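None of the values given here were measured: they were computed from a predicted structure. Each chain gets a letter, A, B and so on, in the order its sequence line appears, and its residues count up from 1.
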Amino acid sequence: MTSNSCCHPSSAFIDFLDVGGTMTISQEIANLTEDSGQDLPEENVQIGSIQGTVVGLRYYTGTVNRGEMVSLVRQPQNPYDRNAVMVANVYGSQVGHIKKELAAPMAYIMDNNLARVEGVVPYGETNKFSMPVNLTFWGKEENRDAVHNQIRRHGFKLGTEFKGSLIWYTTQTSLGRDLLGLSSKMSAIPLTVEELKNAFDKLFDDLMEDKTREMEPAEAVCTSLLPHQKQALSWMTSRENSNDLPPFWEEKSGLYFNVLTNFAVKERPEKVLGGILADDMGLGKTLTTIALIVSNFHNGKPLPLEQSVRSRKFDRNPSLWVVGTGKVPSGGSGGSGARATLIVCPLSVLSNWLDQFEQHIRADVTLKVYLYYGAERIRSVKLLSEQDVVLTTYNVLSSDFGNKANSPLHKVNWLRVVLDEGHVIRNPNALQSKAVLELQSERRWILSGTPIQNSLKDLYMLMSFLKLKPFDVKEWWSRIIQRPVTMGDRVGLKNLQVLVKGITLRRTKNSKVAGRMLVQLPERRVFVQHVTLSEDEREEYEQVRKEGRKVIGRWKQCIYSYFEEGTIMTNYADVLAILVRLRQYCCHPGLVGKYTGADDPGTPSELRERLINKITLVLNSGSDEECAICLDSLRQPVITYCAHVYCRPCICEVIRSEKQARCPLCRAQIKTKELVEYPGEEMQAGAATGENWRSSSKVDALMSNLLKLRNEDPTVKSLVVSQFTRFMDLIEVPLREYGFSFTRLDGSMAQKTRAKAIQDFQDSSPGSPTIMLLSLKAGGVGINLTAASHVFMMDPAWNPAAEDQCVDRCHRLGQSRDVVITKFIVKDSVEENMVKIQKKKQELVDKAFGVKKPQDLKQARMEEIRALMEI
DNA sequence: ACCGCCGGGTGCC
DNA sequence: ACCGCCGGGTGCC
């Protein structure tokens, strides 16, 4: 028998998808040093099993069924025995305790994280005083001996399976075995990596059976819905009005029974009203949601709205944004009386929601929309409850939640909570995730174009938000879905598919309705324009390249031979620093700041200098870095000693809320006084946008394109995209000089200015800006820039997906012209190297999964770094 | 608990 | 009998 650790597909290969994802540099660096998670099969093998006894049944109310899964919880504070191990059922009710003799070694194993213990009660469910429990130990291979020894020292012995249980339990599926706590070594042949990848790809591909019924929106919606939007509306409405039991629950002789855990309760499990709308970007999730809000109030009736002869007064500035007159009709709200829908979204799409409400709701009806945002927001539970819609951001929500005493959003009983770009709550440790879980609502929706970012772990948070019992508790999610699936268990995968299918609607741009494409988008054509540096530029570039090679040469040896994690991280950051300089030279020599070479971090002041270098690098990389806590653009950026960058308020909140605060990205200990601030721009070399401005080959190439375009058709609008905001500063000079009207959007802009910039650009009246300077990641997804039909990519990004997403902002629903994309690449430079890496990443994503094990994953990362160093 | 364990009652065959 | 045996009281951690 081979060991479990050798050939099972692991979640690592799913994580590896991230190469095509949208990682920021600091996340990339963090990933190099991080272990790849806790649930890799290598760390999650079956160490052994033993039958134990649950005692003290008569003192507790929790009951179990034959074959039911139970959880084991340490009770170190138990006054009778500090080794106490409590046994609880799926709803968390205590069933009893593990008999103390066995609890003693279990306590040691659990407290020292040698293994996780899972229990299943095989029979004896009606016993009065005690019952057997099959215990299975899961943990890292390296802990196997320690666990076995510990058990043996107390006079027990771990076996590999339970004897006799199969006599009455005939299910031959691996799930059946799992329910008994049996070894899954006996399971059917596990899925191969390819099969699992395929299954994963298809996870959200719904065949649309039962989901093709259409529904007309309420009259208050003045936009006519496309067929697929009517289908989504119909499906969402039926999800909200459903009386069905949640997935995997059945009614059996007056009891409600969960077929996966064998758990039964008298009370009907709470209905899960809502789900995941996972349509591709541009299919109109926002419009569909607006239609849902006004079309499906209580009892399947439309939201009662007053008609008004007055035309709508539209004013963006006041925080109270009421469409029409302000009176709330009293009648018509049946049931609980909950009225308001809360929409939580990233800052970048806030204005889009307002636009869409204005655009799609008839001007003569009264829809109360309150923008709960900004310092002036009114924290009144009453006011919020009386709205039809309350719009807010993840930041506002978590910042209110942070001040526990005063979070009005958490005191309202919402009719509906909608999480836009809901995948941002994928990290359960983030404050905003916790804040979102605490919201009280009858119905819950997640809107997301990318419901699974990189692994199953992300899905857990979504289940948790939807309150899909028992998957809202980590242990049950892991036992029933995550672990079986990552170990290639077919039944586990089947369950996952049933689960996802029941609550998700996903269509892609390529989906078909009755044989026709959902949406026919205009073409998009990509041209690469090679730029040759002038002699002067080439000379400077070569100078910097030589310096860089010298620095890199110094570490190459230690990287090529094996490497210490710490060294590799700092070196990787330094390699990136050198590369940023070269990339800047390719764009414009005026971009390049002074490079302060980094040697060993010795004294704190040197460390400090290194950290300042690093944060400067991150912020100037032009990638509009996100804070990993709020997942929004960095505000008051600070860097930790472990070299991770966050917003100061976010990380301070983390430090405040935990006794032993740890870095959310790498779990290193962090302290407020060790945070290093970004010193600001003053140490930058002046970008020379003033009198001594000079052009560059790339700027010349851009300008000649723009001028030619204006000659051909003066109404054509273009996006000029760069990762370097200071490059955008430089480009502004010739744009002005040649009389272009332009606007600008970058990560540093406040919400108001952003919205204004987008609005101005989208405006088609004569004299409106024809060019938008756009920083690659500004604002994230969701922004609508369909006025543009040309995109100029000034500098290549590490990540091809980031470029695609950027193009998607104009190549989406509403675009009437073909979209032409021009990518500038400097010949014989780091940029060509980057294009190669882009291609490699894309290949990996496409055919993917040649990589299974974390070692290979690390190897792949190393290959990438090596490739990067070939400058 | 139709057990094990405890401790009091008891004591030839 | 400083034992064995009996049978009642009792019972998670």
S.K.: Is the side chain of Arg144(A) donor-acceptor paired with the backbone N or O of Gln46(A) at a distance under 3.5 Å, no angle test?
M.R.: yes
S.K.: Expressed as a whole number of angstroms, how long is the span from Lys100(A):NZ to dG11(C):P?
M.R.: 14 Å
S.K.: So, the side chain of Ser93(A) versus the backbone of Asn89(A): is there a donor-acceptor pair under 3.5 Å, distance only?
M.R.: no
S.K.: I'd like to know if the side chain of Asn127(A) reaches the main chain of Phe129(A), judged simply by a donor and an acceptor atom lying under 3.5 Å from each other, with no hydrogens or angles considered.
M.R.: no
S.K.: With a 3.5 Å limit on both atom pairs, tell me what dA1(B) is paired to, counting Watson-Crick and G-U wobble, or say none.
M.R.: none
S.K.: For residues 49-90 of chain A, which residue pairs pass the ring-ring contact (aromatic ring centres under 6.0 Å, His included) check, not counting sequence neighbours?
M.R.: Tyr60(A)-His97(A)
S.K.: Enumerate the residues from residues 56-63 of chain A whose closest heavy atom to DNA chain C is under 4.0 Å, giving them by residue number; use none for an empty result.
M.R.: Gly56(A), Arg58(A), Tyr59(A), Tyr60(A)
S.K.: Looking only at atom types and distance, does a side-chain atom of Arg74(A) sit under 3.5 Å from a main-chain N or O of Ala84(A), one as donor and one as acceptor?
M.R.: yes
S.K.: Separation of Gln77(A) atom CD from dC13(C) atom P, in whole Å?
M.R.: 19 Å
S.K.: What pairs of nitrogen or oxygen atoms, one from the protein and one from nucleotides 8-10 of chain C, lie under 3.5 Å apart?
M.R.:
none

S.K.: Can you tell me the base-pairing partner of dC13(C)? Count Watson-Crick or G-U wobble geometry only, both distances below 3.5 Å, and say none if there is no partner.
M.R.: none
S.K.: Rounded to the nearest Å, what distance is computed from the CG atom of residue Asn127(A) to the P atom of nucleotide dC12(C)?
M.R.: 16 Å
S.K.: Quickly work out the Lys99(A) NZ to dC12(C) P distance and round it to whole Å.
M.R.: 10 Å
S.K.: In whole Å, what is the span from the CG atom of Asp81(A) to the P atom of dC13(C)?
M.R.: 8 Å
S.K.: Quantified in whole Å, what is the C1' atom distance between nucleotide dG11(C) and nucleotide dG4(B)?
M.R.: 10 Å
S.K.: Could you tell me how far apart Phe129(A) (CZ) and dG11(C) (P) are, to the nearest whole angstrom?
M.R.: 11 Å
S.K.: Looking just at side-chain N and O atoms, do Asn83(A) and Lys100(A) make a donor-acceptor pair shorter than 3.5 Å?
M.R.: no
S.K.: Rounded to the Å, how far apart are Met131(A) CE and dA1(B) C1'?
M.R.: 15 Å
S.K.: Can you tell me, in whole Å, how much space there is between the C1' of dC3(C) and that of dC12(B)?
M.R.: 15 Å
S.K.: In whole Å, measure the gap between the C1' atoms of dC5(B) and dA1(B) for me.
M.R.: 12 Å
S.K.: Salt bridge or not for Lys467(A) and Glu270(A), using N-O below 4.0 Å?
M.R.: no
S.K.: Determine whether Ser385(A) and Asn413(A) make a side-chain contact, defined as any pair of heavy atoms from C-beta on separated by less than 4.5 Å.
M.R.: no
S.K.: What closest approach, in Å, do Ile425(A) and Tyr394(A) show between heavy atoms, and which atom pair accounts for it?
M.R.: CG2-CE2, 3.8 Å
S.K.: Please state how far atom CD in Glu101(A) lies from atom C1' in dC12(C), giving the value in whole angstrom units.
M.R.: 11 Å
